[in-house]
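Report on one structure; see the data block that follows.
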Amino acid sequence: MLVDVNNFYVSCERIFNPRLRDVPLLVLSNNDGCAVARSNEVKALGVKMGTPWFKIQDLARQHGIIAYSSNYTLYASMSDRAVTILRDICPDLEVYSIDESFLRVEKIALHYGGIEAMSHAIRDRMQRDLSLPVCCGCGPSKTLAKLANHLAKKNPEFNGVCDLNSLSKSERLRWMSRIDVGEVWGIGRRLAERLRVLNIRTVLDLRRADPKQMRAGFGVVMERTINELRGVSCLSLEEVEPPRKQIIVSRSFGRPVKALSELRESVSTYTARAAEKLRAQASIAAAVHVFIHTNPFKENMPQYSASKSIALANPSDDTRELIAAAQHALTALYRPGYAYKKSGIMLIGLSDKSIQQRSLFDDESQRSRSSQLMTAIDRLNRDYGRDTVTWGSAGIARHWSMRAENRSPRYTTRWSELPIVH
DNA sequence: TCTGGGGTCCTAGGACCC
DNA sequence: TCTGGGGTCCTAGGACCC
């Protein structure tokens, strides 16, 4: 079963601010760039996912669309609560994204008197405990559960719940013949285009294609997708989240940045954040990759885009070493005279900290001091809030930082931002 | 003024080994 | 006329997901 929150970010904003409930509401990407979540009212006005905010503003004024900056602290916190509830109902669970989980339900559903009853129990509980609307889709493979979820979401007659197993075969095929092939999980824009050339236009067309033959033309992923559509499960439930293989932190700037000193602050800030994530999953990085670029949408401005990797002498999770490497890369990349729009860093070549290869000149005492220092800093920042202890090179004023002009309070994670009831 | 951020997997091709 | 067979590792690029 796939459980998916409807319009997740928008729904989070509505929990603590009931005034937002019946108005057209948008949530914008970082830097207030484009629409990443839309209420049903906004979808009805024809606003597409990813539309730049400045292109919607006239429409917004006409129809009273309200736009919020994204509040990832709130969304992550609500996501954690949702997963806690789902795990309580069904422990065989894979967290697939911030607002979706796959559940293995065949046994547990029996206690609820079937999948449909279980689905409604999930919907009621999410509504009652979190004020979050969800849809449940169920099928014999992940791809079919995804498809069922799509049906539940788009067709009111399903009432938010669709179990493909409970439909007759002819009903299943009829629904499949009505859905565009591009809606299938794993079929993106490019593949959908290529499939249409072969006259494969609907989910049913794809289901009828020959898996072996399609593998030759499209690769193994396509073969799996077709088999999954036929009810042959090829993708397993991944209950334990594997550690990340790379960690990226990057942001667009709130305004164009020209000075190397400001780029340096941004790169240190992002590296420090990436290093925290690295330590949180008990990994070390073998190399640091830095990139900077100008605004590609400004076609009449001089463009520059560059990136560079620096390998560390010894894989590390020490913010000081990672920042030093990142700054070294930035020095090599920087060209004066450009208006930079974005910088970012990647930690790559990640491996488990507990099995690290030491070098001939390794200094055990230094290494242990480094670990203790990083642990202490992480704990201070966790207990007393981000940036309680910060890095000098990351700057203080940070005039380059991203725009977020209408962010809601962090209702669930800050004492000072708790909602107040009058 | 103005267009996000963070990931994964697969494949082809090159370089190299014996 | 005419130049093997079997393998690994790495990287870049393309596709996808939310």
Side-chain angles (χ1 to χ4, degrees), chain A residues 2 4-9 26-37 47-58 60 67-72 75-76 79 94-102 142-143 146 149-150 181-195 215-225 228 234-235 238 241-257 266 270 273-274 277-278 281 286-287 289 291 293-299 301 307 309 311 339 341-350 401-405:
Chain A
L2 179 71
D4 176 320
V5 184
N6 305 344
N7 313 334
F8 180 54
Y9 298 168
L26 265 184
V27 175
L28 299 172
S29 65
N30 271 333
N31 216 29
D32 293 346
C34 41
V36 293
V47 176
K48 298 273 176 276
M49 183 75 168
T51 312
W53 172 227
F54 72 89
K55 289 187 180 172
I56 314 171
Q57 277 176 6
D58 285 342
Y68 271 73
S69 307
S70 32
N71 181 349
Y72 286 102
Y75 311 149
S79 177
E94 170 187 342
V95 178
Y96 174 63
S97 76
I98 194 163
D99 73 325
E100 290 168 86
S101 291
F102 284 106
K142 281 182 162 179
T143 305
K146 271 275 200 184
N149 193 283
H150 174 84
V181 71
E183 299 291 344
V184 174
W185 190 40
I187 307 294
R189 199 165 44 86
R190 305 293 169 107
L191 284 174
E193 237 167 72
R194 288 177 58 199
L195 288 171
R215 177 179 183 150
F218 293 87
V220 67
V221 178
M222 178 65 80
E223 182 189 26
R224 282 203 281 257
T225 297
E228 285 247 318
C234 306
L235 305 169
E238 316 230 346
E241 197 179 335
R244 299 261 166 269
K245 295 175 177 176
Q246 54 182 33
I247 290 170
I248 303 178
V249 176
S250 71
R251 295 281 183 280
S252 296
F253 301 128
R255 55 164 178 74
V257 165
S266 72
Y270 304 157
R273 179 72 194 114
K277 295 188 191 182
L278 183 71
Q281 65 167 33
H289 184 84
F291 62 89
H293 63 77
T294 51
N295 187 344
F297 294 103
K298 300 256 184 190
E299 285 167 15
M301 296 277 282
S307 67
S309 296
K341 177 64 177 169
K342 184 173 182 175
S343 72
I345 82 115
M346 290 169 67
L347 300 180
I348 53 184
L350 306 192
S401 59
M402 69 176 186
R403 273 189 303 269
E405 289 177 354

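Sequence lines set the chain letters: A, B, ... in the order given, protein chains first and strands last, and positions in each chain run from 1. Note that these values count all heavy atoms, side chains included, but never hydrogens, waters or copies made by symmetry.
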Those residues that, when tested against [X], pass side chain to side chain donor-acceptor pair (under 3.5 Å) (two or more places apart):
{"X": "S97(A)", "value": "D99(A), E100(A)"}
{"X": "Y75(A)", "value": "E13(A)"}
{"X": "T225(A)", "value": "none"}
{"X": "E238(A)", "value": "none"}

Task: For chain A, the stretch of DNA chain C it reaches, first to last nucleotide, under 4.0 Å of its heavy atoms - done: dA15(C) to dC18(C)
With sugar-phosphate meaning primed atoms plus P, OP1 and OP2, does [X] contact a base, only sugar-phosphate, or nothing at under 4.0 Å between heavy atoms?
{"X": "R215(A)", "result": "nothing"}
{"X": "V27(A)", "result": "nothing"}
{"X": "D32(A)", "result": "nothing"}
{"X": "L191(A)", "result": "sugar-phosphate"}
{"X": "R189(A)", "result": "sugar-phosphate"}
{"X": "N31(A)", "result": "nothing"}
{"X": "I98(A)", "result": "nothing"}
{"X": "Q246(A)", "result": "base"}

TODO: Please list, chain by chain and in numerical order, all residues satisfying side chain to side chain contact (heavy atoms under 4.5 Å, CB included) with T51(A), sequence neighbours excluded.
DONE: V47(A), K48(A), K55(A), I56(A)
Open item on the list: Under the rule for side chain to side chain contact (heavy atoms under 4.5 Å, CB included), what residues qualify as partners of Q281(A), not counting sequence neighbours?
Closed with: P243(A), R244(A), I247(A), S283(A), L350(A)
- [ ] For I247(A) and for N295(A), find the nucleotide of DNA chain B with the closest heavy atom, then tell me which residue's nucleotide is more 5'.
- [x] N295(A)
Task: Closest-nucleotide 5' rank along DNA chain B - winner of F54(A) and V221(A) - done: F54(A)
Open item on the list: Please give the distance between the C1' atoms of dG4(C) and dC17(B) as a whole number of Å.
Closed with: 15 Å
Task: Flag, side chain of R403(A) to backbone of G254(A), donor-acceptor distance under 3.5 Å - done: yes
Open item on the list: Keeping E228(A) on the side-chain end and L235(A) on the backbone end, is there a donor-acceptor pair under 3.5 Å?
Closed with: yes
Task: Stems where DNA chain C pairs, listed by first number, each of three or more Watson-Crick or G-U pairs under 3.5 Å - done: B:5-18 with C:5-18
Task: For Y96(A), all residues meeting ring-ring contact (aromatic ring centres under 6.0 Å, His included), sequence neighbours excluded - done: F102(A), W185(A)
